[in-house]
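No hydrogens, no waters, no symmetry mates; every other heavy atom, side chains included, goes into these values. Both ligands and their constituent atoms are indexed starting at 1 by order of listing. Quick caveat, the model's predicted, so the values are computed rather than measured.
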Amino acid sequence: MIRMNEHYLKLQASYLFSDIAKRVSAFQEAHPDREIIKLGIGDVTRPLPMACIDAFHRAVDEMGDISTFRGYGPEQGYGFLREKIAREDFQSRGANISPDEIFVSDGAKCDTGNIQEIFSTDISIAIPDPVYPVYLDTNVMAGRTGFYENGRYHGIVYLDGTRENGFIPDLPKGKVDLIYLCFPNNPTGATISKSQLQRWVDYARENQSIILYDAAYEAFIQDPDLPKSIYEVDGARDVALEFRSFSKSAGFTGIRCAYTVVPKACEAFTGRGEKHPLNTLWHRRHTTKFNGVCYPVQRAAEAVYSDEGKAQAKALIDYYLRNAALIRQEISALGYDCIGGDHSPYIWVDTKTDSWAFFDQLLEKAGVVCTPGAGFGRCGEGYIRISAFNHYEKVEQAMRRIREVL
Ligand code: MLT
């Protein structure tokens, strides 16, 4: 008799954003005349930068010509893209990262979800709360947790993000092997300073832990003193992996390109205490299970680093940050405490009430979709997340409707 992976039975109903999409479709079906404004999932609405489109077109043409046609590409990503990434995203900021430490992929969601495979199933894991659900759900699927009870899985060290700590969790009390961090944070929009991040890196070095640092929203950082990469912090090369994406920084959610940095200095141990470089393990995993990102998409991603591409990508970020500023200003004016929106596309709103009830109220009365904080964990109860990814006029309209109903 074929047996299933019973760890899946521990998971909560469905993936948060699928659950929300289902509720929104059911509402739309029941009210076909209502126009719904989506400020829920962080999906971009602006077209790709023209520099990327031009590069994309040129690369498609190359695929139609016998002299420039390409078949399978390198699974780790083409050298032309990895070299640009290493130079522009890291070396230019004093972070010593080389092209062979970069793995191009089709998304930070897949990478942050798959990376746990290279670690033992019996390690201890610290996960923030509230959190992007992928980190937790993929560890549940892999069997690293016990059952779900009172909003939490047994066997996970939760790092509480609260109003009191500004949604920057404190270090774990004891020793933990694997730590997930995300800054600028999804869902709260909180940012971390270099000195705060240094404490995490020092902790990981002392405890032979690894930090999985999700920097998918770094492009939204406006303050030059805030770190865009964990490798701007001393000693991080030995203990941290970093995840980046072109999705939010250059509008690639529909064409898919991201990358993960695995420094050669990062190591994990066998049961007998022998060290192994994580770069070799991830390389083995990536080349075995991943086909690579298609050539035209990698050329489009490379174009983000041209002068034109940089200016056009910055214009996208500025556009969404203008939306974010409007949301934060309007929601604050209604008397709600908010954080985020200044270095992030997300505004985290303290509703002081059941977050799914608040979600339903905004959907039913204002026709506006947000994300209920409880979907990101127990500490998210009482909050909602509003995304700034939409057209400015739609955001204005959503804010007008919210003002009327609240
Ligand atoms: C979000 O809304 O949290 C993100 O869009 C999810 C993702 O990037 O996968």
Side-chain angles (χ1 to χ4, degrees), residues 11-12 14-24 36-46 48 105-116 127-139 141 161 167 180-191 212-220 242-260 293 301 316-317 320-321 323-324 327 339-341 343-349 355-356 359 362-363 368-377 379-380 383-390 394-395 398:
L11 290 165
Q12 298 314 288
S14 56
Y15 181 57
L16 173 63
F17 294 106
S18 318
D19 193 11
I20 292 171
K22 265 190 234 139
R23 285 178 187 233
V24 174
I36 295 173
I37 303 177
K38 293 184 181 164
L39 304 178
I41 194 167
D43 192 8
V44 296
T45 53
R46 310 289 298 163
L48 289 165
S105 77
D106 62 356
K109 175 183 178 179
C110 318
D111 286 354
T112 54
N114 290 328
I115 197 79
Q116 45 77 28
I127 295 187
D129 178 357
V131 75
Y132 177 48
V134 171
Y135 315 155
L136 190 56
D137 287 359
T138 51
N139 278 293
M141 291 170 177
F167 297 95
Y180 288 78
L181 293 178
C182 171
F183 290 104
N185 186 258
N186 180 11
T188 68
T191 51
L212 300 177
Y213 193 72
D214 185 349
Y217 296 92
E218 56 72 35
F220 290 84
E242 184 165 305
F243 304 87
R244 295 267 191 114
S245 171
F246 294 94
S247 282
K248 317 294 160 86
S249 63
F252 275 52
T253 57
I255 62 167
R256 315 301 317 156
C257 196
Y259 66 88
T260 289
V293 172
L316 289 179
I317 299 294
Y320 295 124
L321 282 175
N323 289 354
I327 295 168
I339 75 155
H343 306 288
S344 149
Y346 299 128
I347 296 91
W348 187 241
V349 184
S355 65
W356 277 105
F359 167 89
L362 284 194
L363 179 59
V368 174
V369 180
C370 65
T371 309
F376 298 106
C379 291
Y383 293 85
I384 56 157
R385 189 193 78 174
I386 304 183
S387 156
F389 290 114
N390 210 322
K394 290 276 174 213
V395 172

Does the N or O separation between [X] and ligand 1 drop below 3.5 Å for any pair?
{"X": "K248", "answer": "yes"}
{"X": "R385", "answer": "yes"}
{"X": "Y132", "answer": "yes"}
{"X": "N186", "answer": "yes"}

Plane angle bin for Y132 and Y135 - parallel if under 30°, tilted between 30 and 60°, otherwise perpendicular: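 Plane angle over 60°, so perpendicular.
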F246 and Y259 aromatic ring geometry - parallel, tilted or perpendicular at 30°/60° bounds: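 Tilted.
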Contact partition for F389 relative to ligand 1, non-hydrogen atoms under 4.0 Å: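 Answer for F389: neither.
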Under-4.0 Å heavy-atom contact with ligand 1, by part of F376 that carries it: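 For F376, there is no contact with ligand 1 at all, from either part.
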Side chain to side chain, Q116 and Y180, heavy atoms closer than 4.5 Å: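 Yes, side chains in contact.
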Beyond-backbone contact of L39 with V395, side-chain heavy atoms, under 4.5 angstrom: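 Yes. Closest side-chain heavy atoms under 4.5 Å.
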Side-chain donor-acceptor pair present, T112, D214, cut-off under 3.5 Å: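 Not at all, the side chains of T112 and D214 share no donor-acceptor pair under 3.5 Å.
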R244 side-chain N/O to T260 backbone N/O, donor-acceptor pair under 3.5 Å: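 Answer holds: no.
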Which of the ligand 1 atoms, numbered from 1, are nearer than 4.0 Å to a heavy atom of I41: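 Answer for ligand 1: 2 (O), 5 (O).
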Atoms in ligand 1 with a heavy atom of Y217 nearer than 4.0 Å: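 Matching atoms, with element in brackets: 4 (C).
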